[in-house]
Amino acid sequence: MDVNFYVVQGLGLLTILFTILSFLPKEKWKMMLCFAVTNVTMIATYILCGSLLGGLLVAGALVRTIVYFYYSKSNRKPEPIVMIMFELYYIIMAIIFWNNVIDLLMVVNLVVVTYTSWQSDVRTLRFGYIFSSALLIPYDILLGAYTTSISELIMLISVIYSLLKYAQVTKSSKDVAQRYFRANKNFWGSNVEKHEDYDMVYSTKVDRTPFYNFGILKNHDKIFETILEIKKECKDKKVKEVAYLPFDGNNYDRYASDAHMLQMFFPIEFHDVWMKLIDGFNLNNTKCKIQDVEYKEVDESHINEIIEVYIKGYHAKASLDDLDDNEKTQVENLKKLNLTDVVDGYKVSAYIAYYNNNPISLVVMLSNNIESFITKVSTVPIFRRKHVASSLMQYGINKQRMKGIQEIILCTDKYSSNEKFYAFNSFVEFGQAFALNVSDIKKYEGFIKNNKLN
């Protein structure tokens, strides 16, 4: 074997190294940076193996990665024409420098990956790399780039593992509320009782408001009967009679239709929108307008600071004395907060922003090994609109990503300024819910039994 062979295998080892490094970051732009380096080593590999077309095609992939990196770093998706121009480049190069049928493996690979990496969804990106690895493993072996083929095998195994790991993450608007309130069990004392036709959420020991006490309607074949069951359960627990109807606001289906129909008969207690951070994206407003703000993940020793920001920022009250009885109960619950242990599969993490050692902003995240819910985002009024909360949220998101968290989810009021803030910061809607006050059922009962609208 000549020196060229060993150089090719050495380049393959570098490719393996940067392939492994690409698995570590959870932000799309960092992944692409690692892919760019592997593209450089692969260009040299394929040219040394005698495939000029392979080198030219990967050179195009390198430019594509750099261009996509620029867009991703700015939290933007490339325009369709950008993606189409790269696809045309691969096809034209293949026509000009075609050598044999083996080249088809590389061409098809790059056409597919260029499209999948153009998407915002990291899951789609992973499927693209499964397809890519399946094509490049035989391509590398046939060219004699054996160590490079190992890097593709590592990529294939890793991506399949990631897809299996995150397969249990559901974006369904019909069960996200249950997952969220189960996650709140250790933080806010909320429970989810499963019933055949509905699930009952309650937190009467911490928060007696309808926001943490309602029945989630599940059976759309027996709506009237299920609402009656929810009413009875709410009466038994001595909370307001509220039915929660989740639906996908982007799809017109039975769930959305039923929710809007029932809204005609029952007043809306509150209207939720469920949002998730675009896979691999960061928040836009991450640069605080004030210098010397410090961000920390805190433990139980900082409970008093958490309570201080919660009272001043979340409730906009000056002190504990200004709170009503329910709000005081919430504060008493915070005093017992566990920020160390994983309880029932979820870990409560609290993040505080400090200015001159004064706590000024709070973010709490409830996470398991896969998803993290953001809650109780609050900033002391005088520091609002200075991007303190968004920079603190990004700090917390980075911490969560280092733990392998895939999904960042939150819930806020539909059509509110908060929704606009989160939408600007790369959160997208995937579900809505009407919380309906079903205390007075006469109007709906008359419609069901007698087909009367009045």
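Here the structure is a predicted model, which means the values were calculated and not measured.
Classified by interplanar angle (parallel below 30°, tilted 30° to 60°, perpendicular above 60°), the ring pair Trp274/Phe430 is tilted. The aromatic rings of Tyr346 and Phe373 lie tilted to each other, with the angle between the two planes from 30° to 60°.
Annotation: side chain of Tyr244 is not in contact with side chain of Glu269 (no heavy-atom distance under 4.5 Å). When side chains are defined from C-beta on, Tyr295 does not count as touching Tyr354, because their heavy atoms never get closer than 4.5 Å. The shortest distance between side-chain heavy atoms of Thr114 and Met83 falls below 4.5 Å. Within the 4.5 Å cutoff, the side chain of Tyr351 has no heavy atoms near those of the Leu362 side chain. You'll find the side chain of Tyr68 reaches within 4.5 Å of the side chain of Pro78, heavy atoms only. At a threshold of 4.5 Å between non-hydrogen side-chain atoms, the residues Phe35 and Leu62 do not count as touching. In this structure, Lys376 and Phe187 have side chains that are in contact, with non-hydrogen atoms separated by less than 4.5 Å. In this structure the side chain of Ile306 reaches within 4.5 angstrom of the side chain of Leu339, judged on heavy atoms.
More than 12 heavy atoms of other residues, nucleotides or ligands lie within 6.0 Å of NZ in Lys317, so this atom counts as buried by the packing criterion. Within a 6.0 Å radius of CD1 in Ile382, no more than 12 heavy atoms belonging to other residues, nucleotides or ligands are found. Residue Phe421 places its CZ atom among more than 12 non-hydrogen atoms of other residues, nucleotides or ligands, all under 6.0 Å distant. Residue-environment remark: NZ (Lys194) exceeds the threshold of 12 foreign heavy atoms within 6.0 Å. For Lys420, the NZ atom counts as loosely surrounded, since its 6.0 Å shell holds 12 or fewer non-hydrogen atoms of other residues, nucleotides or ligands. Environment of OH in Tyr355: sparse, with no more than 12 heavy atoms of neighbouring residues, nucleotides or ligands closer than 6.0 Å. The local environment of CG in Asp325 is sparse, with at most 12 non-hydrogen atoms from other residues, nucleotides or ligands closer than 6.0 Å.
Ring-centre distance between Phe214 and Phe181: below the 6.0 Å cut-off.
Ion pairing between a basic and an acidic side chain is recognised when a charged N comes within 4.0 Å of a carboxylate O; Glu429 and Lys276 show no such pairing. Salt-bridge annotation for Lys312 and Glu308: present, with a side-chain N of the basic residue lying under 4.0 Å from a carboxylate O of the acidic one. The pair Asp258-Arg254 meets the salt-bridge criterion, since a charged nitrogen lies less than 4.0 angstrom from a carboxylate oxygen. A salt bridge between Glu241 and Lys231 is present, with a side-chain N of the basic residue lying under 4.0 Å from a carboxylate O of the acidic one. Between Lys232 and Glu229 there is no salt bridge, since no side-chain N of the basic residue sits under 4.0 Å from a carboxylate O of the acidic one. Ion pairing between Lys218 and Glu196 fails under the 4.0 Å rule for side-chain N and carboxylate O. A salt bridge links Lys237 with Glu193: the closest approach of a Lys/Arg side-chain nitrogen to an acidic carboxylate oxygen falls below 4.0 angstrom. Checked for salt-bridge contact, Asp344 and Arg182 miss the test: no charged N lies under 4.0 Å from a carboxylate O.
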Subject >> Test log, rule side chain to side chain donor-acceptor pair (under 3.5 Å), inputs Tyr310 and His315 >> reply: CA-CA 7 Å; Tyr310 180 71; His315 285 303; 3.1 Å; yes

Subject >> Derivation of the salt bridge (Lys or Arg N to Asp or Glu O under 4.0 Å) call for Lys414 and Asp272 >> reply: CA-CA 5 Å; Lys414 184 64 180 171; Asp272 279 344; over 6 Å; no

**OP:** Please test Phe265 against Leu436 for side-chain contact (heavy atoms from CB on, under 4.5 Å), starting from the C-alpha separation and ending with a verdict.
**Re:** CA-CA 9 Å; Phe265 296 95; Leu436 303 176; over 6 Å; no

**OP:** Check the pair Ser390, Asn425 against side chain to side chain donor-acceptor pair (under 3.5 Å), reporting the backbone distance first and the verdict last.
**Re:** CA-CA 8 Å; Ser390 54; Asn425 276 299; 5.2 Å; no

Subject >> Criterion ring pair (Phe, Tyr, Trp, His ring centres under 6.0 Å) on Phe247 and Tyr252, from CA distance to verdict >> reply: CA-CA 9 Å; Phe247 59 95; Tyr252 180 74; over 10 Å; no

Subject >> Intermediate values then yes/no, side-chain contact (heavy atoms from CB on, under 4.5 Å), Ile290 and His387 >> reply: CA-CA 8 Å; Ile290 303 173; His387 298 175; over 6 Å; no

Subject >> Worked verdict on Leu323 versus Val331 for side-chain contact (heavy atoms from CB on, under 4.5 Å) >> reply: CA-CA 9 Å; Leu323 302 181; Val331 169; 3.6 Å; yes

Original post:
What's the verdict on side chain to side chain donor-acceptor pair (under 3.5 Å) for Ser367 and Gln400, showing C-alpha distance, side-chain angles and the deciding distance?
Top reply: CA-CA 8 Å; Ser367 60; Gln400 295 290 309; 3.1 Å; yes

**OP:** Go through Ser190 and Tyr202 one step at a time and tell me if the side chain to side chain donor-acceptor pair (under 3.5 Å) criterion holds.
**Re:** CA-CA 5 Å; Ser190 63; Tyr202 69 97; over 6 Å; no

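The two residues Gly313 and Arg384 have their closest heavy-atom pair at O-NH2, 2.6 Å. Between Asn333 and Val206 the shortest heavy-atom distance is OD1-CG2, 3.5 Å. Listed here is the closest heavy atom pair of Val293 and Cys288: CG2-SG, 3.9 Å. When all heavy atoms of Glu371 and Ile409 are compared, the closest pair comes out as OE1-CD1, 3.6 Å. Nearest heavy-atom pair across Thr412 and Met275 is CG2-SD, 4.2 Å. Closest approach of Gly128 to Val113, counting heavy atoms only: O-CG2, 3.8 Å.
Remark: Ser151 engages no residue in a side-chain hydrogen bond (donor to acceptor under 3.5 Å, both in side chains) (not counting sequence neighbours). Under the side-chain hydrogen bond (donor to acceptor under 3.5 Å, both in side chains) criterion, Asn338 pairs with Asp341, not counting sequence neighbours.
Asp322 places a side-chain N or O within donor-acceptor distance of the main-chain N or O of Ser319, the cut-off being under 3.5 Å. For the pair Gln394 (side chain) and Leu283 (backbone), a donor-acceptor distance under 3.5 Å is present. The backbone N or O of Asp253 sits nowhere less than 3.5 Å from a side-chain atom of Ser257 that would complete a donor-acceptor pair. Between the side chain of Ser361 and the backbone N or O of Ser378 there is at least one donor-acceptor pair closer than 3.5 Å.
Side-chain contact check for Ser416 and Asn418: no donor-acceptor pair (N or O, by modelled atom type) lies under 3.5 Å. Side-chain atoms of Gln263 and His260 include no donor-acceptor pair closer than 3.5 Å. At a cut-off of 3.5 Å, with distance as the only test, a side-chain donor of Asn109 or Ser132 sits close to an acceptor on the other residue. Side-chain contact check for Glu79 and Tyr71: at least one donor-acceptor pair (N or O, by modelled atom type) lies under 3.5 Å. At a cut-off of 3.5 Å, with distance as the only test, no side-chain donor of Thr286 or Tyr395 sits close to an acceptor on the other residue.
In this structure, Lys205 fails the cation-pi test against Trp188, since its NZ or CZ atom is not both closer than 6.0 Å to the six-membered ring centre and inside 45 degrees of the ring normal.
For the pairing with Lys347, the side-chain contact (heavy atoms from CB on, under 4.5 Å) check across Thr340, Asn368, Val342 returns one residue only, Val342.
Separating the CD1 atom in Ile227 from the CG atom in Leu217 is a distance of 6.0 Å, to the nearest 0.5 Å.
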